[in-house]
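Got a structure for you, questions after.
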Number of protein chains: 2
Amino acid sequence: MSRTFGEYVRERREELREEDARFSVRQVAARIGVEPSYLSKVERGEQPPPSEATIAALAKELGEAPEVLLAMAGKVPSDLLGIIRRRPRLFSDLLRQLQDLPDHALLRLVREVRDGEW
Amino acid sequence: MSRTFGEYVRERREELREEDARFSVRQVAARIGVEPSYLSKVERGEQPPPSEATIAALAKELGEAPEVLLAMAGKVPSDLLGIIRRRPRLFSDLLRQLQDLPDHALLRLVREVRDGEW
DNA sequence: TCATGCGTGTAGTATATACGACACAGTACC
DNA sequence: GGTACTGTGTCGTATATACTACACGCATGA
């Protein structure tokens with residue numbers, strides 16, 4: 001099994017804590033606006049991952065990409081959902097076409113679109 | 001305001017009903033596995049749109065693309081969520097890059113990927 | 001020794017999600 | 001004038017989501 005959301009958060013937080021005591025459960029919880037006991041339970045997998053907003057705040061604290069943390073929580077950033085919902089057929093087809101392409105092909109695509117070649 | 005989920009379903013169902021009496025609230029509800037009063041309320045917007053599974057069954061009944069009905073319900077097909085979650089950074093970047101491209105550019109992209117030009 | 005901070009256990013809550021059960025009034029057919 | 005079908009109103013429910021409140025025992029430092 002791969003690393004769960006809680007395990008991953010705990011690892012990242014403990015890492016940061018070695019260099020900065022402000023990364024205790026209590027203090028991180030206070031900064032992201034939840035109760036320490038809740039964060040503790042989430043990290044140990046006793047509670048399911050929190051809401052998108054709380055995960056985003058946590059990602060910021062931990063210096064992580066919110067998308068990645070959200071993905072581990074089984075979620076997808078809501079702005080992406082909005083993009084798909086605006087043109088559902090187009091983006092559904094596109095994603096299903098792209099799903100098996102290797103990373104490098106997708107990266108090339110991102111780059112080419114960014115550089116205005118589309 | 002644009003057509004809501006319920007309004008759209010009702011319109012489509014009534015259309016089909018003109019040609020086939022089997023498209024009553026009661027009979028459609030029975031075929032998709034919900035209570036008629038529930039479908040009635042959903043169509044009139046008294047209840048929020050149903051679950052993905054129920055919407056998919058409804059789309060099939062009405063001969064509609066499930067993606068479109070789901071989008072009207074404020075949802076995104078769960079298989080697409082899975083695709084994004086597997087490579088969250090890549091697909092997040094990509095979708096954000098593609099969000100403002102016109103339909104024809106996206107269609108061209110879909111076609112080119114399908115034809116193996118990637 | 002005692003205040004301060006630590007992680008965690010127990011219990012409870014508010015809100016949303018996704019419906020079902022049942023009854024009722026209207027209409028159409030024979 | 002019953003039978004069969006229609007849509008809908010009222011009420012209730014099970015499950016999930018996203019947490020809070022509070023207390024406990026341990027460790028550390030003054």
Side-chain angles (χ1 to χ4, degrees), chain A residues 4-59 61-62 66 69-78 81, chain B residues 4-59 61-62 66 69-78 81:
Chain A
T4 69
F5 176 83
E7 285 167 353
Y8 186 78
V9 168
R10 170 142 296 191
E11 280 170 21
R12 274 296 291 157
R13 190 183 50 73
E14 308 255 82
E15 265 172 53
L16 292 167
R17 199 190 185 181
E18 286 176 25
E19 311 230 314
D20 188 344
R22 293 174 59 257
F23 285 91
S24 67
V25 169
R26 284 183 114 92
Q27 293 193 43
V28 170
R31 286 199 297 275
I32 67 172
V34 298
E35 289 290 312
S37 66
Y38 179 58
L39 179 56
S40 170
K41 276 173 284 192
V42 168
E43 284 190 353
R44 287 171 296 120
E46 202 190 295
Q47 289 272 337
S51 67
E52 176 167 358
T54 298
I55 291 175
L58 194 50
E61 271 298 315
L62 301 179
L69 240 47
L70 283 166
M72 287 191 209
K75 310 191 186 206
V76 166
S78 50
L81 302 184
Chain B
T4 69
F5 176 83
E7 285 168 354
Y8 186 77
V9 168
R10 171 140 297 190
E11 279 169 21
R12 273 298 289 159
R13 191 183 49 76
E14 308 256 81
E15 264 174 54
L16 292 167
R17 201 191 184 181
E18 285 176 25
E19 312 230 312
D20 187 345
R22 292 174 60 257
F23 285 92
S24 68
V25 169
R26 283 183 113 93
Q27 294 193 42
V28 170
R31 286 198 297 276
I32 67 172
V34 298
E35 288 291 312
S37 66
Y38 179 59
L39 179 57
S40 170
K41 276 174 283 192
V42 168
E43 284 189 354
R44 286 171 297 120
E46 200 190 298
Q47 290 270 339
S51 67
E52 176 166 0
T54 299
I55 291 175
L58 194 50
E61 271 297 314
L62 302 179
L69 240 48
L70 283 167
M72 286 192 211
K75 309 189 186 207
V76 165
S78 49
L81 302 184

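Proteins get letters first, then strands, A, B, ... in listed order; numbering begins at 1 in each.
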query = Just by modelled atom types, is the A/T4 backbone N or O under 3.5 Å from a matching donor or acceptor in the A/E7 side chain?
reply = yes
query = Between A/E35 (CD) and D/dC22 (P), how many Å, whole number?
reply =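 Atom-to-atom, A/E35 to D/dC22, this comes out as 9 Å.
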message = What contact category does B/Q27 fall into here, base, sugar-phosphate, or nothing, at under 4.0 angstrom with non-hydrogen atoms?
response =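 Contact class for B/Q27: sugar-phosphate only.
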Separation of atom OH in B/Y38 from atom C1' in D/dT10, rounded to whole Å = 17 Å
request  = Identify whether any heavy atom of A/S37 sits under 4.0 Å from a base atom; if not, whether one sits that close to sugar-phosphate; answer base, sugar-phosphate or nothing.
outcome  = base
query = Hey, are B/E15 and B/R12 close enough for a salt bridge, meaning a charged N less than 4.0 Å from a carboxylate O?
reply = yes
inquiry  = What is the distance, to the nearest angstrom, from the CD atom on B/Q47 to the P atom on D/dG9?
reply    =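 These atoms are roughly 12 Å apart.
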query = Hey, does the side chain of A/S51 come within less than 4.0 Å of D/dC19's phosphate (OP1/OP2), counting only N and O?
reply =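 Yes, because at least one side-chain N or O of A/S51 sits under 4.0 Å from OP1 or OP2 of D/dC19.
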request  = Grab the CD-P distance between B/E46 and D/dT8 for me, whole Å please.
outcome  = 10 Å
inquiry  = Just verifying a value: how many Å separate B/R44 CZ and B/R10 CZ, rounded to the nearest 0.5 Å?
reply    = 6.5 Å
Distance in angstrom units between B/R26 CZ and D/dC5 P, rounded = 10 Å
key: Cation-pi, B/F23 ring and B/R31 (6.0 angstrom, 45 degrees)   =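 Judged by the rule (NZ or CZ under 6.0 Å from the ring centre, within 45° of its axis), B/R31 counts as positioned above B/F23.
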query = Would you say D/dG9 has OP1 or OP2 under 4.0 Å from some side-chain N or O of B/R44?
reply = yes
key: Along DNA chain C, first and last positions that approach a heavy atom of chain B under 4.0 Å   = C/dA18 to C/dC22
task = Answer yes when B/K75 and B/E52 have at least one side-chain N-carboxylate O distance shorter than 4.0 Å, and no when they do not.
result =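 No.
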message = Once rounded to the nearest 0.5 Å, what's the spacing between atom OG of B/S24 and atom CG of B/L16?
response =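 Rounded to the nearest 0.5 Å, the OG-CG separation comes out at 12.0 Å.
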inquiry  = If you compare every side-chain N and O of B/R22 against the phosphate oxygens of D/dT6 (OP1, OP2), does one of them come in below 4.0 Å?
reply    = no
inquiry  = With a cut-off of less than 4.0 Å, is there a side-chain N or O of A/K75 near OP1 or OP2 of D/dT17?
reply    = no
Whichever of B/V25 and B/K41 has its nearest DNA chain D nucleotide further upstream toward 5' = B/V25
query = Can a donor-acceptor pair be found between the side chains of A/S37 and A/S40 at a distance below 3.5 Å?
reply = no
ask   = If you look at every strand shown and take non-hydrogen atoms under 4.0 Å, does A/P48 touch a base, only sugar-phosphate, or nothing?
value = nothing
